[in-house]
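Chain letters run A, B, ... following the sequence lines, proteins first, then strands; residues in each count from 1. It should be emphasised that the depicted structure is a prediction, and the values quoted were computed from it without experimental measurement.
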Protein chains: 2
Amino acid sequence: MAKGTDDTIAVRISKALADRIISGAIEPGARLRQDHVAEEFNTSHVPVREAFRRLEAQGLAVSEPRRGVRVAAFDLGEVKEVAEMRAALEVLALRHAAPHLTSAILDLAEEATKAGDKSRDVRSWEEANRAFHRLILAPCGMPRLLATIDDLHAASARFLFAAWRSEWEARTDQDHRAILTALRQGNTESAAATLGRHVQWIGRKPVRTASGATREAFAIVG
Amino acid sequence: MAKGTDDTIAVRISKALADRIISGAIEPGARLRQDHVAEEFNTSHVPVREAFRRLEAQGLAVSEPRRGVRVAAFDLGEVKEVAEMRAALEVLALRHAAPHLTSAILDLAEEATKAGDKSRDVRSWEEANRAFHRLILAPCGMPRLLATIDDLHAASARFLFAAWRSEWEARTDQDHRAILTALRQGNTESAAATLGRHVQWIGRKPVRTASGATREAFAIVG
DNA sequence: CGATTTAAAATTATAGATAATTTCTGTTTT
DNA sequence: AAAACAGAAATTATCTATAATTTTAAATCG
């Protein structure tokens, strides 16, 4: 991951915190105390507050005036919401990207798919999956759309890590392959339809809670 | 407009600046100098910086590290991009909102349409148009989706005001009426299709530039 | 006279300090 | 024992001050 050493301190902090929130290192609902964060990063709280605003905009944190910032909570409803938004926007992006896709790009996307299938842990699977989606969508040339999709991917990853906290079973991604085949054949509509379905596929998994009981965990898997 | 007196200063500033950027009171590309803004609002620059981060997240301003913040510029490509994103997301929202629409809500939406038709200036037309869209979409119960649509509406309004800076000719909005009719008949798909087309309708208009020449101006009109 | 370097002014980014608000904790009251 | 209530501690939001960087303007050189 690019460290971005010339970034402003606020950006560095927001990236670091975003990573922790997404990976689940900080629990949903946990308070983010500006002085503590400032101390940890050896800065004052001014850049910390700016970092908080960034996290807020990404939907990773919520802030109440005078009461501080906390890590955004989420429920099944939000998982579905993000999945549907991703479906709508990624389909749009793919329709515009399709005419600009080269076989070189599709080859890279295929490699990303293979890397995902080989992944032994959630984290590397997520990285490969994200790479696949970004590769086939980036040529749409719509920066605002891509930025929005990126934020939604971050939310998806958060749900994913929350559900498959440590265990992960490898599985071959047939959807990705179907999408690539359709794109290679110039069948954009078929690829878009599969992508739309693929992104909305929600995985279910029983998870042991802190109290010992088991509940269903949900996560977007695509 | 709700003044939000209990808002934090940063929020107040960001709302005031957003209004100016959207209305065109500040030119695209103009620099936003934190000390000047701070002086105007009788504060220090700390809340101003936070306001800038909010504007950045909304896509109304762009910031380059150490070089300051400027009002986001836009071109025809971005107008189209925002229109397509709105089409995709508003259609999604409408599909979810449709089952929860009451005739009371649809009556309010019809009033908003009439108010739009009667508007003598862009500003009040935009307000009525925004009210219409929000009324029929809000019952979808997807907060993240609605927040994203709101930001896109702000961008749309910006393009609109830039093109129709002062003059505005009244016109009856047939699309809004067609959408309401379809919704009243329970024909969600027809309403969604019309909405998707409606949002992407881009108006064209010759505009006199500062140098005296005329160029085409473009704006989303829906 | 135009290009380039240098110096000054303006501006951004961060730090440290202060006032106001909220949260926490222990105690009292019913 | 549960609820209500102080008072103390912690935390947020803001202000003033300082360091670092960029922009502007002037001056110098080719």
Side-chain angles (χ1 to χ4, degrees), chain A residues 2-21 25-73 210, chain B residues 2-21 25-73 210:
Chain A
K3 249 301 174 225
T5 49
D6 57 324
D7 278 344
T8 188
I9 293 182
V11 172
R12 273 212 303 280
I13 297 177
S14 84
K15 283 181 181 168
L17 290 180
D19 194 64
R20 286 187 209 169
I21 295 172
I26 321 181
E27 294 280 314
R31 289 187 65 174
L32 295 172
R33 295 189 207 80
Q34 58 185 32
D35 281 4
H36 295 205
V37 176
E39 193 177 5
E40 183 192 336
F41 287 87
N42 276 305
T43 68
S44 87
H45 50 243
V46 181
V48 175
R49 292 180 61 80
E50 292 189 39
F52 286 173
R53 295 290 90 80
R54 283 172 187 278
L55 295 173
E56 212 185 332
Q58 284 177 75
L60 295 175
V62 291
S63 122
E64 287 184 285
R66 296 247 156 229
R67 323 189 98 206
V69 176
R70 35 184 80 236
V71 176
Chain B
K3 250 298 173 226
T5 49
D6 56 325
D7 278 343
T8 188
I9 293 180
V11 173
R12 272 211 303 281
I13 296 177
S14 84
K15 283 182 180 168
L17 290 180
D19 194 64
R20 285 186 209 168
I21 295 173
I26 321 180
E27 293 280 315
R31 288 188 65 174
L32 294 171
R33 277 166 284 216
Q34 58 185 31
D35 281 5
H36 294 206
V37 177
E39 192 177 6
E40 182 191 337
F41 287 87
N42 276 304
T43 67
S44 86
H45 56 244
V46 181
V48 175
R49 292 179 60 79
E50 292 189 40
F52 285 173
R53 295 290 90 78
R54 284 173 184 279
L55 295 173
E56 212 185 331
Q58 283 177 77
L60 295 176
V62 291
S63 125
E64 285 184 285
R66 298 246 158 229
R67 324 190 97 204
V69 176
R70 38 184 78 235
V71 176

Specify the separation, in whole Å, of atom [atom1] of [X] and atom [atom2] of [N].
X     : N      : atom1 : atom2 : answer
A:D7  : C:dT14 : CG    : C1'   : 16 Å
B:R49 : C:dT12 : CZ    : P     : 8 Å
A:I9  : D:dA19 : CD1   : C1'   : 12 Å
A:N42 : C:dA15 : CG    : P     : 9 Å

Please find the pair of heavy atoms, one from [X] and one from [Y], that lie closest to each other, and give the distance.
X     : Y     : value
B:P28 : B:A73 : CB-CA, 4.0 Å
B:A30 : B:I26 : CB-CG2, 3.8 Å
B:P47 : B:I9  : CB-CG2, 4.0 Å
B:R31 : B:R67 : NH2-O, 3.7 Å

Does the pair A:R53/B:E56 count as a salt bridge with the N-to-O cut at 4.0 Å? no
Result for side chain to side chain contact (heavy atoms under 4.5 Å, CB included) between A:F52 and one of A:L60, A:I13, A:L17 points to A:L17
To the nearest 0.5 Å, what is the distance between CD (B:E39) and CZ (B:R33)?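 Those atoms lie 12.0 Å apart.
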What distance separates B:T43 OG1 from B:Q34 CD, expressed to the nearest 0.5 Å? 10.5 Å
Using a cut-off of under 3.5 Å, enumerate the N/O to N/O pairs linking the protein to nucleotides 17-20 of chain C.
from   : atom 1 : to    : atom 2 : distance (Å)
C:dA17 : N6     : A:H45 : NE2    : 2.9

What are the residues of residues 28-41 of chain B, sorted by number, that bring a heavy atom to within less than 4.0 Å of DNA chain C?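 Listed by number, they are B:R31, B:L32, B:R33, B:Q34, B:D35, B:H36.
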Under-4.0 Å side-chain N/O to phosphate OP1/OP2 contact, A:R67 with C:dT23: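 For A:R67, the contact criterion (side-chain N or O under 4.0 Å from OP1 or OP2 of C:dT23) is met.
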Within less than 4.0 Å of OP1 or OP2 of D:dT12, is there a side-chain N or O belonging to B:T8?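 Indeed not, no polar side-chain atom of B:T8 lies that close.
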For A:V46 and A:F52, find the nucleotide of DNA chain D closest to each by heavy atoms; which residue's nucleotide sits nearer the 5' end?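 The residue whose closest nucleotide sits nearer the 5' end is A:F52.
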With nearest nucleotides of DNA chain C determined for A:R70 and A:A10 from heavy-atom distances, which residue corresponds to the more 5′ nucleotide? A:A10
Under the criterion salt bridge (charged side-chain N to carboxylate O under 4.0 Å, His left out), which of A:R54, A:R12, A:K15 is the partner of A:D7? A:K15
